[in-house]
Chemist: 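Dropping a structure here in C-alpha cells format, bear with me for questions.
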Amino acid sequence: MLQGVELVAVSKRYGGAIAVDAVTLQIPRGVYCCLLGPSGCGKTTTLRMIAGHEAVSEGDVLVDGRNVTNTPPAGRGTAMMFQSYALFPHLSCLDNVAFGLKMRGVGRAERHTRARRGLEMVQMQAYADRMPAQLSGGQQQRVALARALLTEPRVLLLDEPLSALDPFLRGRMRAELKRLQRDLGLTFIHVTHSQEEAMALADLVVVMDGGRIQQAASPREVFDRPAAAFVARFIGGHNVLGRPGAQVAVRADRCRLVSNATNADGPGVRGTVSLVEYQGASVRVALTTEHGEDAVAILPDAVFYADPVGVGQPASIVWSTADAHPLSA
C-alpha cells in the first residue's frame, strides 16, 4: 500500500468523556476519503487530530510513514480547509490566497505570482482584487481551497466544506473537488454528514458512530454490504429487518410490492401501507409490518401505477434471498 495517512489506536478524551475511541485506519496516498456519520460521532475530532489542531490522548498519527503525533500543524504536510472558510475580510482574494506564503517569508512578487496560479487552479483568477464580502459562498470556498492548496500539502483536510452551499452549487463544487483531487493526486480527507456527498466523492467511506469506526470500505461495498444495522440505517435505502443477532439488510430498490392475495416466491413481510410517496421516476411505498417494523419498497413509477396501492391497504414487500445481507450483532 502506498503510504498516506495512518491512525494507530487513536483516542481523544475530554475529562471522562471519550470523543474518539481507539480508532485505527489506513488511508492510502492519493485516495479521496470521506469520514461519514451523524453529529457527535467523532469525525471532526478525528480530522482535527490529523491536522494537529487537537491533541491526541492516546495512539499515533502517521503521514507518509512519519509519526507526526506531536508535530505542530505547519510541520505535518497537511492543510485544512475549515467549514467557515476563515477568509480575512480586510484582504483581497489574492492576498488571502498568498497569506500562508507571506507567513513563510516569501517575497511579495513571488507569492502573488503563485497566488494567481492558485486562483487559476480554481477558476477564480478574475476575482483576484475582490474582497470576500463581494463573493458568493461558492466563490469564497474556491478562494479558501486555493489558499489551502498553495502550501503544497500532501494531505488536504476538509471539514464539512459543502454544508453552507445551496443544493445546485453543492453539486457543482462536489464535481470540482473530485476533479482537483484526481488532477493533483493528493490525499483528501473530507468530513461530512451527507450520505449522498460521501457516495459521490469518496474512494474510501469511513462510517463512524460513538467515536468508533463501524465500517471502512468503498462506497459500493458500504451500500451493498453494510457491516451493521447502524450503517444500513444511516446510509439509507435499506430495510433492516429481524431481531438483533439475526438481522438482515435488504435494499429498498431490490424489493417488490405485492398484494396479500399474491403467492409470491421468496422471503418477505406483510403489513399495512403507511405511506405512498411519488418521487418522479420512482414511488416510495412504506409498510408497517405485522410485527411493528417499518419496511420500504422503491418501485419504478410504471411498475407502481400498473398495480397501485393506497394508504391503509394490506400489502407485502418481498425480495430474493440473494438480496438479503446478514448484519453483525
Side-chain angles (χ1 to χ4, degrees), residues 2-8 10-12 14 19-20 23 25-33 35 42-119 121-122 124 132 140-161 177 180-181 183-191:
L2 288 173
Q3 290 179 333
V5 174
E6 184 174 2
L7 307 180
V8 183
V10 169
S11 295
K12 179 62 184 180
Y14 297 99
V20 176
V23 162
L25 176 66
Q26 291 184 325
I27 304 171
R29 186 189 303 167
V31 159
Y32 202 124
C33 172
L35 304 182
K43 58 188 185 296
T44 295
T45 302
T46 299
L47 192 79
R48 290 177 60 82
M49 286 192 289
I50 296 170
H53 297 307
E54 200 75 64
V56 174
S57 300
E58 298 167 9
D60 293 295
V61 177
L62 288 80
V63 176
D64 284 345
R66 183 169 64 99
N67 193 320
V68 298
T69 308
N70 298 311
T71 303
R76 295 189 173 212
T78 64
M80 190 157 179
M81 182 175 159
F82 296 95
Q83 184 175 358
S84 63
Y85 310 145
L87 298 178
F88 297 107
H90 62 288
L91 296 181
S92 68
C93 291
L94 185 68
D95 285 329
N96 261 288
V97 174
F99 184 80
L101 298 178
K102 182 179 181 180
M103 292 297 98
R104 294 183 180 187
V106 177
R108 178 183 174 87
E110 182 183 348
R111 70 175 182 260
H112 276 187
T113 297
R114 290 169 63 180
R116 289 185 191 281
R117 285 203 299 267
L119 287 171
M121 191 185 306
V122 296
M124 284 291 292
Q140 289 182 35
Q141 185 196 53
R142 288 172 184 264
V143 174
L145 185 58
R147 183 179 61 187
L149 291 171
L150 209 66
T151 62
E152 299 181 340
R154 293 190 293 274
V155 182
L156 183 64
L157 308 170
L158 304 105
D159 183 15
E160 302 267 12
L177 284 174
L180 279 168
Q181 188 268 336
D183 291 351
L184 296 172
L186 299 179
T187 304
F188 276 30
I189 306 177
H190 174 139
V191 161

Chemist: Can you measure from NZ (K43) to CZ (R48) and round to the nearest 0.5 angstrom?
Modeler: 13.5 Å
Chemist: Which atom names give the shortest non-hydrogen contact between A79 and A148, and what distance separates them?
Modeler: CB-O, 3.5 Å
Chemist: Going by heavy atoms in the side chains, are L186 and F188 under 4.5 Å from each other?
Modeler: yes
Chemist: Can you give me the closest heavy-atom contact between T45 and K12, atom names plus distance?
Modeler: CG2-CG, 3.7 Å
Chemist: State whether the side chain of N96 and the backbone N or O of L87 hold a donor-acceptor pair below 3.5 Å, judged by distance alone.
Modeler: no
Chemist: Atom CG in L119, atom CZ in R116: separation rounded to 0.5 Å?
Modeler: 8.0 Å
Chemist: Considering non-hydrogen atoms only, spot the tightest contact between L35 and L47 and give its length.
Modeler: CD1-N, 4.4 Å
Chemist: Could you check if a side-chain atom of N67 sits within less than 4.5 angstrom of a side-chain atom of V61, using non-hydrogen atoms only?
Modeler: no
Chemist: Are more than 12 heavy atoms from other residues, nucleotides or ligands located less than 6.0 Å from atom CG of N70?
Modeler: no
Chemist: What are the two closest non-hydrogen atoms of V31 and Q181, and how far apart are they?
Modeler: C-NE2, 3.7 Å
Chemist: I need the C33 SG to I50 CD1 distance, nearest 0.5 Å.
Modeler: 7.5 Å
Chemist: Kindly state each residue pair satisfying side chain to side chain donor-acceptor pair (under 3.5 Å) with at least one member in residues 142-155, sequence neighbours excluded.
Modeler: D64-R154
Chemist: Would a 4.5 Å heavy-atom cut-off, applied to side chains only, mark Q141 and M81 as touching?
Modeler: yes
Chemist: Taking the side chain as C-beta and beyond, is there a heavy-atom pair between L62 and V8 under 4.5 Å?
Modeler: yes
Chemist: List the atom of P161, the atom of L177, and the distance in Å for their closest heavy-atom pair.
Modeler: CG-CD1, 4.4 Å
Chemist: Do L156 and T78 make a side-chain contact, defined as non-hydrogen atoms from C-beta onward lying under 4.5 Å apart?
Modeler: no
Chemist: Within a 6.0 Å radius of atom CZ on R108, are there more than 12 heavy atoms belonging to other residues, nucleotides or ligands?
Modeler: no
Chemist: If every non-hydrogen atom of V10 is compared with every non-hydrogen atom of D60, which pair is closest and at what distance?
Modeler: CG2-O, 3.1 Å
Chemist: Is the backbone N or O of R104 less than 3.5 Å from a side-chain atom of R111, with the two atoms forming a donor-acceptor pair by type?
Modeler: no
Chemist: Among residues at least two apart in sequence or on other chains, which ones pass ring-ring contact (aromatic ring centres under 6.0 Å, His included) with Y85?
Modeler: none
Chemist: Hey, could you give me the CE/CG distance between M49 and L157, rounded to the nearest 0.5 Å?
Modeler: 12.5 Å
Chemist: Side-chain contact test, heavy atoms from C-beta onward, threshold under 4.5 Å: evaluate it for I189 versus V155 and give yes or no.
Modeler: yes
Chemist: So do V56 and V20 actually touch side chain to side chain, heavy atoms under 4.5 Å?
Modeler: no
Chemist: In Å, rounded to the nearest 0.5 Å, how long is the span from CE of M121 to CG of L184?
Modeler: 5.5 Å
Chemist: How far does NE2 of H112 sit from NZ of K102, to the nearest 0.5 angstrom?
Modeler: 8.5 Å
Chemist: Flag the pair R114 / L101 as yes when at least one side-chain heavy-atom distance between them is below 4.5 Å, and no otherwise.
Modeler: yes
